[in-house]
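What follows is one structure encoded as structure tokens, with my remarks underneath.
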Amino acid sequence: MEICTIKTQPYTDQVCGTSGLRKKVSVFKQPNYLENFVQSIFNSLTGFEGQTLVIGGDGRYFNAQAIQSIIKIAIANQFGRLIIGQNGILSTPAASHLIVKRKAFGGIILSASHNPGGPNGDFGIKYDTAQGAPAPQNLTDIISEKSKTIDHYWSCNMPDIDLSKIGEQSFGTTIIEIVDSIDDYAQYMETIFDFDAIRSLFQNGFTMIYDAMNAVTGPYAKRIFEEMLGAPKNCVQNANPLPDFGGLHPEPNLTYAKELVDKMYAPDAPDFGAASDGDGDRYMILGNRFFVSPADSLAILTEYADKIPFYQGKMYGVARSMPTANAVDYVLKAKNLPVYATPTGWKFFSSLLETQKITLCGEESFGSGSFHLCEKDGIWAILFWLNIIALTGKSVQTLTEELWKKYGRVYNSTQSYEGLDSEQAKNMLDVLEQNLPSFIGKEINGFIVTETGIFEYTDPVTGEQAHRQGYYILLDNARIFMRLSGTGSSGATLRVYYMKRETNSTELTHDSLTYIEPLVEVFKQISNIYMFTGRAEPSVRT
Ligand code: G16
């Protein structure tokens, strides 16, 4: 096996977004594009020689090919051990867990998360630190900088590795260890939740469907829900990870998880429905003809966390991203615990998790997590719900409606305008920014604007600052928040987040989208979105 130095030219577009580098597969397939980025990651790190690197991905198109290149570059860069999920598969939370459990230097996860896959779809790479956490902003900035000047990378002349066989092989001074992708993660979940109680729930006839959306969590869900917990056979649907997700858009929300939603609203709907995304870090919860918003889900996990032994005596506080509706704030107030509002992006939770300022965290984009891992974790959240249901004997709907009765309901909706022309979207936001102060004190569609601004953040642990993290408009008892998505691979996606709190007990069970509609009208008037982009309606509403 020979180590070779390969000359290369830099690409100028390797800028890390909300979670790593995400681009079309065709972009990643350009000569040396992937290799440049991987070497740029290693060029941004020090002291990894002889250390362990975890590698895995969500199995999407180009995963298998990319892993072989990464293995060769990692060996040439003198990592001591590469731990790779069997067949190159690891969900994002499972990779995060392996990094910590095996005391790895870090990990490379191949995924474009919830973005569609296949030859015309998206691919992505992200780096996780030794804490199993997404690379912080200062590191991703360095990686992006290094990628602009890279002129060579190291690789090895060696045949591709057979990733299907569990076990170890040596290459020079590097050991390659292929591991079962599910074992460690499943065992870890068993230490967090009361599997016996969940097993009894299913034995007593509780019904469930889980939609893996042909993405990475299928095998995890089969093992954990069906085999270990005795959930109904074949309750895991779209269970085989496919390179193109079978044409599905693996984003668990009311629009893209339509197959699951239809089943959960059918006359013979089961008690519980759930789905995850491409790489297994997001989740959606449905009851029988009932949808739980991500903000309510975080509030309910917080309400019941101290009933789960793993969290007893360890409730420190909770963080939510700023766009996330603030239902959890009222639960925390009652428990006399702090809440932190961070910018969008899981990496902003890391310092809070690592320093035990928070126990749980969550986002409106269907991600929740806790100090058990520094990544969001879809299957964990679903197990958390099952554990609460097993302990309380209450349905999804009852648990949610009880939350509303106790604390008031924070109606909320995220509405995304996907595929906008980037220039048009930017113009619209530039004008909006200029106009923001002039709205204060005005009445728009029956709401008085009380405050407007740009969200700026200082990390309470590290003191690092994040600027211009979105625009907010506060109205009486309501809020509109706007930002551009950081996870798309082409054009621009504008996300508009609405919330309005209701405490009148006779007004708690309206249809959320209908209730929010007057606020949507405020957004349309304030932004002039139609005039700037030609788009009147969002493409995704949750
Ligand atoms: C990533 C981050 C999340 C964040 C989301 C925002 O999710 O990990 O923390 O909420 O992006 O997406 P957008 O910028 O499109 O609104 P994921 O699941 O794509 O890794």
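Order of appearance sets the numbers: ligands from 1, and atoms from 1 within every ligand. Side chains are part of it too, since the values below use all heavy atoms of this structure and drop only hydrogens, waters and symmetry mates.
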Exercise for review: Mark up the atoms of ligand 1 that fall under 4.0 Å of a heavy atom belonging to Arg483, in ascending order.
Suggested key: 13 (P), 14 (O), 16 (O)
**Study point:** Residues forming a salt bridge (charged side-chain N to carboxylate O under 4.0 Å, His left out) with Glu354, sequence neighbours excluded
**Key:** none
Review point. Would one find an N or O of Arg495, backbone or side chain, under 3.5 Å from an N or O of ligand 1?
Key: yes
Exercise for review: May I ask you to identify, for Ser485, whether its side chain, its backbone, both or neither come under 4.0 Å of ligand 1 on a heavy-atom basis?
Suggested key: both
Review point. Numbering the atoms of ligand 1 from 1, which are under 4.0 Å from a heavy atom of Thr344?
Key: 4 (C), 6 (C), 10 (O)
Review point. What residues form a side chain to side chain donor-acceptor pair (under 3.5 Å) with Asp430, not counting sequence neighbours?
Key: Lys426
Review point. Between Lys347, Glu251, Lys126, Glu363, which one has a non-hydrogen atom sitting closest to atom 4 (C) of ligand 1?
Key: Glu363
Exercise for review: Output the list of atoms in ligand 1 that are nearer than 4.0 Å to some heavy atom of Ser113, sorted by atom number.
Suggested key: 17 (P), 18 (O), 19 (O), 20 (O)
**Study point:** Lys376, Lys126, Arg60 screened by salt bridge (charged side-chain N to carboxylate O under 4.0 Å, His left out) with Asp279, the one that passes
**Key:** Lys126
Review point. Out of Glu418, Lys376, His114, who gets a non-hydrogen atom closest to atom 7 (O) of ligand 1?
Key: Lys376
Exercise for review: Give the contacting part of Asp281 toward ligand 1: side chain, backbone, both or neither, where contact means a heavy-atom distance below 4.0 Å.
Suggested key: side chain
Check your understanding: If you measure from CH2 on Trp380 to CG on Leu373, what distance do you get to the nearest 0.5 Å?
Key -> 9.0 Å
Check your understanding: Which atoms of ligand 1 are found less than 4.0 Å from any heavy atom of Arg22?
Key -> 17 (P), 19 (O), 20 (O)
Review point. So, Glu418 versus Ser416: side-chain donor-acceptor pair below 3.5 Å or not?
Key: no
Review point. Is the NZ or CZ atom of Arg501 both under 6.0 Å from the centre of the six-membered ring of Tyr330 and within 45° of that ring's axis?
Key: yes
**Study point:** Centroid-centroid under 6.0 Å between Phe123 and Tyr33 rings
**Key:** no
